[in-house]
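Everything on this sheet refers to the single structure shown next.
Values in this document were obtained by computation on a predicted structure and should not be read as measured data.
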Amino acid sequence: MIGVLGVLSKFGVLGKFGVLGKFGVLGKFGALGEFGATRGALALSTGVFLTAALAAPPADACTSMLVAKGATTDGATIVTYNADAHELYGELYYTPAGRHRAGAQRDVVEWDTGKLLGRIAQAPTTYSVVGNMNEHQLTIAESTFTGRKELEAPAGIVDYGSLIYITLGRAKTAREAIKVMTNLVAEYGYASTGESFSIADPNEVWLMEMIGKGAGNRGAVWVARRLPDGMLSAHANQARIRQFPLDEPDTTMYSPDVISFARDKGWFKGADEDFSFADTYNPLDFGAQRFSESRVWSIFRRAAPSLGLGPEYADGSAPDKRLPLWVKPDRKLTVKDAMALMRDHFEGTPLDMTKDVGAGPYAVPYRWRPMTWEVDGKKYVHERAISTQQTGFTFVAQMRAWLPAAVGGVLWFGVDDTATTVYTPMYAGIRRVPKNFAEGVADRGKFSWDSSFWVFNWVANQAYARWSDVSVDVQKEQRALEDGFLADQAEVERTAVEKYRRSPEAARRYLTDYSVRQGEKVHTRWRRLGEALLVKYIDGNVRDEAGKVNHPKYTDTWYRHIVRDAGKRLEVREPKPAAAAPVAKPAAKPAAKPGDARRG
């Protein structure tokens with residue numbers, strides 16, 4: 001999805017990040033939006049096709065993982081999310097619960113363009129929301145798959161972003177969320193392209209996929225699948241639901257016309273039970289497999305290595321190789337495991353981004369855009385990994401049914417690249433967020449030392465310059481902070497539950513104070529880390545713990561790259577010693593003549 005050009009462009013005055021856009025005065029979180037003054041939001045995915053065989057990846061793209069009960073060590077449900085966009089400023093928004101007068105309405109403003117799409121009836125009561133989790137632990141994430149071009153520009157007034165945040169304000173459970181979202185689309189029409197939604201509560205985890213009906217048509221077709229207990233799934237800008245049960249309402253829900261609509265368009269002619277949502281509405285091509293399914297594959301291969309899912313599921317060489325919708329992890333996952341799965345550059349696989357010359361001398365697992373390029377008439381790609389430099393914000397949502405919702409829901413929140421972020425606990429019941437994470441501190445075009453987004457980007461960009469060395473220091477500090485939060489979690493929650501029994505509001509105040517302190521601590525520690533890194537690695541030097549400046553060599557592999565490119569020019573040529581001058585032979589004495597001896 002790409003905004004109109006010029007002044008109305010995606011990042012212009014009326015664009016996604018402009019005055020009237022997603023973060024502006026009239027935007028999703030603007031003065032006339034649902035949640036008041038400017039607030040943060042998700043990224044948008046767009047796809048630009050170069051050829052029928054090679055599609056460019058979305059300019060803004062997201063990754064989400066879903067983990068059902070039975071697949072976690074403590075019985076929690078988990079949803080993860082990376083909001084990736086080169087112009088997205090990462091922040092943690094907070095919306096208090098509200099009561100609204102009878103007959104009240106709210107604006108619906110399109111995230112991409114800032115266009116006011118219309119007005120809908122406001123709910124009498126709305127719930128508090130921290131990021132993408134509400135006070136009942138309901139969590140919703142997304143990734144955009146766009147889908148068939150024929151289905152773009154449907155006639156509706158509720159875009160996918162509005163669906164997420166309106167629903168978080170109105171629903172308590174995942175099933176209720178699906179009902180709210182699909183009812184909104186049915187009543188007011190859908191205004192976006194294809195979308196995958198992760199929708200979870202403490203008991204159930206659902207994957208719903210939806211796409212509009214094209215220009216001039218209202219509504220959408222959709223299907224939702226509940227993850228079986230013990231299973232893990234993921235999506236990353238490619239529709240994933242293929243065939244689905246037609247008569248299992250406990251596990252599967254779908255729009256009444258999801259199949260008949262495709263038949264009427266001539267896109268499907270088989271038996272209903274053979275219908276595939278993904279193959280019909282978002283057919284897989286090389287680009288989708290290489291840039292999108294590859295991220296799902298990397299989660300699956302690490303969570304369930306026993307399945308033996310090879311790189312042919314991700315590299316585009318075997319388009320008929322299709323990943324399952326979900327897998328059973330080889331062992332049950334912790335929150336820390338979920339964080340680790342969202343930190344990935346295809347390490348140890350044929351797609352490993354640290355191994356080719358593009359990684360430079362310090363094995364940097366990042367490539368600057370564009371991701372598709374051409375040399376001498378041939379097209380090439382850079383890999384698109386889960387960990388990426390353009391992440392605005394990321395979270396791991398932990399939902400637990402056996403605790404009060406204010407305590408059981410934890411949004412482990414971070415800003416910028418997952419490889420260099422720190423997931424910090426923000427509880428579902430908090431009443432405010434740390435100022436360094438809060439909206440309005442800075443923006444994508446204005447640096448501030450008070451903004452965690454900018455401090456984390458400062459540290460990450462130091463790491464990108466010398467990854468193999470600097471990332472070790474970054475990840476040491478990352479582990480220290482996250483392991484500390486995880487070690488303290490049980491005691492923090494024991495105290496919160498005790499307070500909750502006496503006074504739910506006292507527990508919320510306690511968790512608010514705790515979450516704010518941790519956010520502030522992370523910000524302070526990360527700024528100090530950045531300062532220390534600058535001192536340690538300035539000008540290509542490496543200062544050791546004793547303060548001595550060292551000059552470590554490049555690896556032999558990198559030196560060989562240099563030799564192949566410029567060896568003749570750079571080769572040291574020792575001058576040959578001058579040849580010694582020949583030694584002159586002494587002149588021979590003339591031979592004595594006969595009789596000379598007698599004359600002397």
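In this structure, the side chain of Ser292 engages the main chain of Ala236 through a donor-acceptor pair within 3.5 Å. The main-chain N or O of Cys62 is found under 3.5 Å from a side-chain atom of Arg295 such that the two form a donor-acceptor pair. Distance alone, capped at 3.5 Å, places no donor-acceptor pair between the Gln398 side chain and the Val410 backbone. No donor-acceptor pair under 3.5 Å is formed between the side chain of Gln238 and the backbone N or O of Glu293. In terms of modelled atom types and a separation under 3.5 Å, the side chain of Ser162 and the main chain of Val158 share no donor-acceptor contact. At least one donor-acceptor pair closer than 3.5 Å links the side chain of Arg444 to the backbone N or O of His86. Proximity of a side-chain donor or acceptor of Trp326 to a complementary backbone N or O of Val67 within less than 3.5 Å is not detected. Judged by distance alone, with hydrogens and angles left aside, the side-chain atoms of Asp201 form a donor-acceptor pair with the main-chain N or O of Ala174 at under 3.5 Å. With Arg240 contributing its side chain and Ala234 its backbone, the two residues share a donor-acceptor pair below 3.5 Å. At distances below 3.5 Å, at least one donor-acceptor pair connects side-chain atoms of Asn134 with backbone N or O atoms of His136.
Salt bridge absent: Asp74 and Lys332 never bring a charged side-chain N and a carboxylate O closer than 4.0 Å. Checked for salt-bridge contact, Arg432 and Asp513 meet the test: a charged N lies under 4.0 Å from a carboxylate O. By the 4.0 Å N-to-carboxylate-O rule, Arg494 lies close enough to Glu491 to be salt-bridged with it.
No side-chain donor from either of Arg509 and Thr512 sits under 3.5 Å from a side-chain acceptor of the other. Side-chain contact annotation: His345 with Thr354, donor-acceptor N/O pair under 3.5 Å absent. There is no side-chain donor-acceptor pair under 3.5 Å between Tyr81 and Thr139.
When each of Thr418, Thr80, Thr394 is tested with Tyr423 by the rule side chain to side chain donor-acceptor pair (under 3.5 Å), just one qualifies, namely Thr394. The ring pair (Phe, Tyr, Trp, His ring centres under 6.0 Å) test with Phe453 is passed by exactly one of Phe393, Phe447, Tyr89, Phe413: Tyr89. Among Met253, Arg175, Met208, Met231, the one residue that satisfies the side chain to side chain contact (heavy atoms under 4.5 Å, CB included) test with Arg226 is Arg175.
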For side chain to side chain contact (heavy atoms under 4.5 Å, CB included), just list the numbers for Lys435 and Val441, CA-CA rounded to whole Å, side-chain angles, deciding distance to a tenth of an Å, and then say yes or no. CA-CA 7 Å; Lys435 182 181 178 182; Val441 175; 4.2 Å; yes
Working for salt bridge (charged side-chain N to carboxylate O under 4.0 Å, His left out), residues Glu531 and Arg528: CA-CA 5 Å; Glu531 294 167 351; Arg528 289 176 182 168; over 6 Å; no
Side chain to side chain donor-acceptor pair (under 3.5 Å) between Thr391 and Asn82: does it pass, once the steps are laid out? CA-CA 6 Å; Thr391 298; Asn82 290 356; 4.8 Å; no
Determine, stepwise, if the pair Arg525 / Leu529 fulfils side chain to side chain contact (heavy atoms under 4.5 Å, CB included). CA-CA 6 Å; Arg525 290 270 290 268; Leu529 173 64; over 6 Å; no
Criterion side chain to side chain donor-acceptor pair (under 3.5 Å) on Asp84 and Thr388, from CA distance to verdict: CA-CA 8 Å; Asp84 303 334; Thr388 185; 5.7 Å; no
Let's go through Leu184 and Arg170 carefully: what are the C-alpha distance in whole Å and the side-chain angles of both, what is the deciding distance for side chain to side chain contact (heavy atoms under 4.5 Å, CB included) to 0.1 Å, and is it a yes or a no? CA-CA 11 Å; Leu184 284 168; Arg170 298 183 180 192; 4.1 Å; yes
Could you walk me through whether Glu493 and Gln489 pass the side chain to side chain donor-acceptor pair (under 3.5 Å) test, one step at a time? CA-CA 6 Å; Glu493 292 171 0; Gln489 186 176 9; 2.9 Å; yes
Thr420 and Phe456: CA distance, side-chain angles, deciding distance, side chain to side chain contact (heavy atoms under 4.5 Å, CB included) verdict: CA-CA 8 Å; Thr420 56; Phe456 272 80; 5.6 Å; no
Verdict with supporting geometry, Tyr514 and Thr495, side chain to side chain donor-acceptor pair (under 3.5 Å): CA-CA 11 Å; Tyr514 173 77; Thr495 301; over 6 Å; no
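The aromatic rings of Tyr366 and Trp467 sit perpendicular to each other, their planes meeting at more than 60°, with 30° as the lower class boundary.
Between Ala177 and Ile199, the shortest heavy-atom contact is CB-CG2, 3.8 Å. Phe145 and Ser196 make their closest contact through CD2-OG, 3.5 Å (heavy atoms, listed as atom of the first residue, atom of the second, distance). The heavy-atom pair separating Met399 from Val79 by the smallest distance is CE-N, 3.8 Å. Here the closest non-hydrogen pair linking Gln389 and Asp416 is O-OD1, 3.5 Å. Minimum interatomic distance between Gly530 and Val459 (heavy atoms only, all atoms of both residues): CA-CG2, 3.7 Å. In plain terms, the two heavy atoms of Leu92 and Val433 that are nearest each other are O-CG2, 3.5 Å.
With rounding to the nearest 0.5 Å, the separation of CZ in Arg343 from CD in Gln478 is 3.5 Å.
Taking the ring centroids of Phe437 and His523, they lie at or beyond the 6.0 Å cut-off. For Phe244 and Tyr254, the ring centers are positioned less than 6.0 Å apart.
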